[in-house]
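Read the structure below first, then the notes.
The model shown is predicted, which means the values in this text are computed figures rather than measured ones. Counting starts at 1 for both ligands and their atoms, in listed order. All residue numbers in this chain count up from 1 along the given sequence.
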Amino acid sequence: HIGPSSPPTHALAKAPVATPQHSVDAFVKVFLQELNTGQGVTLSRSTVNDQYLALARTVRQYLMTRWLETSRHYAESGSKAIGYLSAEYLLGRQLGNALLATDLGEVAEEAMRGCGLDLARLRAQEVEPGLGNGGLGRLAACFVDSLATMGIPCIGYGIRYEYGIFKQSFVDGRQVEQPDPWLALGNPWEFPHPEASVQVNFGGHTETYDDGGVQRTRWVPDWNVVGVPYNYMVPGYHNGKVNTLRLWSAKATNAFDLALFNSGDYPEAVRAQTFAENITKVLYPEDSTPQGRELRLQQQYFFVACSIRDFIERVLGPDFDLHQLPERIIFQLNDTHPVIAVPELMRILVDERHFEWDEAWQITKQCFAYTCHTLLPEALEVWPTELLGRLLPRHLEIIRRINADFLDEVRASFPGDEQRVRNMSIISDDPNSSVRMAFLATVAGTKVNGVAELHSQLLADKVLHDFDELWPEKFTNVTNGITPRRFICLANPWLSELISDTLGVGWVTDLERLAELEPYAQDPDFRRAFREVKQKAKVHASDILRARDGIELPPGHLVDIMIKRLHEYKRQTLKLLHVVSLYEQVLSGEITASQLQPRTVIFGAKAAPGYWMAKEIIHLINAVGSVINTDPRLEGRLKIAFPANYNVTLAERLIPAADLSEQISLAGLEASGTGNMKLALNGALTIGTDDGANVEIRRLVGDENFFLFGLSEPEVAALRDSGYRPRQYYESNPQLRAALDLISSGIFSNGNREAFAPIVSSLLNEDRFMVLADFQSYMEAQLRVREAFADEEEWTKKAILNVARCGFFSSDRAMGDYLREIWHASAI
Ligand SMILES: [N-]=[N+]=N[C@]1([C@H](N)O)O[C@H](CO)[C@@H](O)[C@H](O)[C@H]1O
């Protein structure tokens, strides 16, 4: 039952939910109330965590009315919503963003000062929710932020992992992982709603039965768990809107078996609970290399089943006519992780609501769209039919039926082309029977999009070419974007202030207005102010690195940043070879240390725990760093900084301080990248290949403001087809040879020549990502960087033009594209 059982009579009960005054006094009053009644402590007895939790709840009160109003308005409007289905959301810290969205920053600052507290200190108390691996998870967070700011009805659905992405530390330069108990100190930003829990079934078998002369199928599961929703606020920026992110947590249907307990079998008594909780216990730490574990499939089906059920029964209501479903929702599939949602909706429509198959399929096909985030074949999820059939027997049956109808359509369009039929089948028998989730998503989705122009082109031309030939109108592109609220306003208040002082504040929600900065590139005063902004950001980053990791960021150094997951296709080894080569040139006397342009190379990167080579590369980076950072022969002019545990909070600190952004993946492999956008919008120049969104960044900022190098995607394909022999590059390029030999010399491993042999031999013998082929071009580009950076005024002009010309990369623009091209929904 929703709401009071009889009409409220008390004036307060009838009054709308009150929002506290936007004043310091009101803020202090609410804060102390939250501290006293929420935390049960007095100010004088409160811990920093008490103060942080009370502060967070204070800001929540300012958001609550907006949240309730937004939900009521949406429910009454009956308008179409976006259901964003994502297994990952890399949200970052919430307090700063909530203060920004409500414009309470200054009020909170003064209120805390009035209580003898330091707002920055309290903000630093917040543990960021690491519910994602990298770009894909952060993109989801940027997207829901933009939809709220644009007033678009959206529910983000995901998983409330008890443990987020592992905490990384370095022991003797090697990555060590520790669990991330992010909920341990309490989480003021979530609202549990056990009353809205959903039962989720697994296993068992299916059976057909006669239903008044109609043959029907039903699923007879043999175990189930309960999904408990936790609601999170997604505040819009200065628009009074607050959307919802609903994250699901698993628990046992029967948490505790008293009979077993009384029989003394305590472990068995709680086994169901432990088993159920395991489903949402921890995030799988792989970025682009899925492991295909059964628990992972359980996680995917669990949150999808909860979300579909929640939307159909709780948001729309049990009496809603599901024939109208496509008018009320479009579910965006964030990669293949939630694709099991397709057979789940079919199962509900056919088995539970008794729709005809074709009717149900017509509805389902309009309710989903699919975003592919990768080109790596190993990243495209496939589930063995053995496992899928055992865990979700009815869903496998439905997938088989979808596939059969689909292959009939293929045969009709390409008569006699059985090879094409085999190539396109959702269920592949090569090497063993498995379901290709990307194919299922493509067959079921209204639209399929890549995340940058080049990526979408390669999807249509290569990875999903047969589907593009069958349904060319289905394929489109939406280039990624980032939210300027977090990655400029919050991360770089200095730049934010300079832009607002120059252009006014409209740019925050209309980022392409940054173009109005273009003429200021010619203004020496503005350039000076721009450099001061960068300097402040560098000092701030340096303070953070010193306090956090004991790392010194020498003033006056070119800050050269490579921050992203550790993956061989992203080529952190190429960046390292540049540093090793500079070191080798000094050691060999080819250049003197004084000829080195002072530079600090900052790495930030986690490796999937099971990704051995990635962890070896981390070890090598730290080994090179510990040698060159202390070698007096370099006179401190070349440094490596590798702060551990790179996450959203650290990214916000490092990005504003960057001069040079390393986007050096092998062309054709980085679907988009989003760090490239954040760095360019914070005034860093990019050195990069023509890969992913780099192509569009270069087109917009201009060749003269971008350091392009390396093989293009067609050249990579041609070299691969002609037979790539990396050793030839080693033998023909003395600089490359010297750099690799220096690594093999043992100088970075206390003389142990074998320590990094696996990395060197993999580069010399296989080099799947053509590091050696692109080395020379990269070194030449770095020389162009050196030259350009030497001319401070010219460099500043280029940096200003990067900011001015990258407004396109706002996630607001990306949402506009999705709304126009794919979702056909609008603000309410
Ligand atoms: N998974 N996945 N894909 C990625 C990233 N690794 O998370 O998605 C990101 C978001 O679309 C892309 O920017 C990036 O290129 C791509 O590799």
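Taking the six-membered ring for Trp and the full ring otherwise, Tyr611 and His567 have centroids separated by under 6.0 Å.
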> Are Arg805 and Glu512 close enough, and set up right, to give a salt bridge (Lys or Arg N to Asp or Glu O under 4.0 Å), and what steps lead you there?
Replying inline: CA-CA 8 Å; Arg805 296 173 178 174; Glu512 305 223 29; over 6 Å; no
> Going through the distances and angles, do Trp823 and Tyr818 end up as a ring pair (Phe, Tyr, Trp, His ring centres under 6.0 Å)?
Replying inline: CA-CA 6 Å; Trp823 296 335; Tyr818 274 94; 4.9 Å; yes
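Taking every heavy atom of both residues into account, Val304 and Glu344 meet most closely at CG1-CB, 4.4 Å.
Taking only nitrogen or oxygen atoms, main chain and side chain alike, Gly673 reaches within less than 3.5 Å of ligand 1. Checked against a 3.5 angstrom limit, the closest N/O atoms of Asp335 and ligand 1 fall outside it. The shortest N or O to N or O distance between Leu139 and ligand 1 is not under 3.5 Å.
When Ile482, Leu90, Val478, Leu136 are ranked by how near their heavy atoms come to atom 5 (C) of ligand 1, first place goes to Leu136. The heavy atom nearest to atom 15 (O) of ligand 1, considering only Glu670, Lys570, Arg138, is found in Glu670.
At a heavy-atom distance under 4.0 Å, no atom of Thr374 approaches ligand 1.
Judged purely by distance below 3.5 Å, without hydrogens or angles, the side chains of Asn334 and Thr371 never pair a donor atom with an acceptor atom.
Near Ala671, with a cut-off below 4.0 Å to any heavy atom, the atoms of ligand 1 are 15 (O). Set against the non-hydrogen atoms of Tyr569, the atoms of ligand 1 under 4.0 Å away are 17 (O).
Under the 30°/60° scheme for interplanar angles, the aromatic rings of Tyr778 and His578 are found to stand perpendicular.
Cation-pi geometry between Arg813 and Phe808 is met: under 6.0 angstrom from the ring centre, within 45 degrees of the axis.
At least one heavy atom of Asn480 sits closer than 4.0 Å to an atom of ligand 1.
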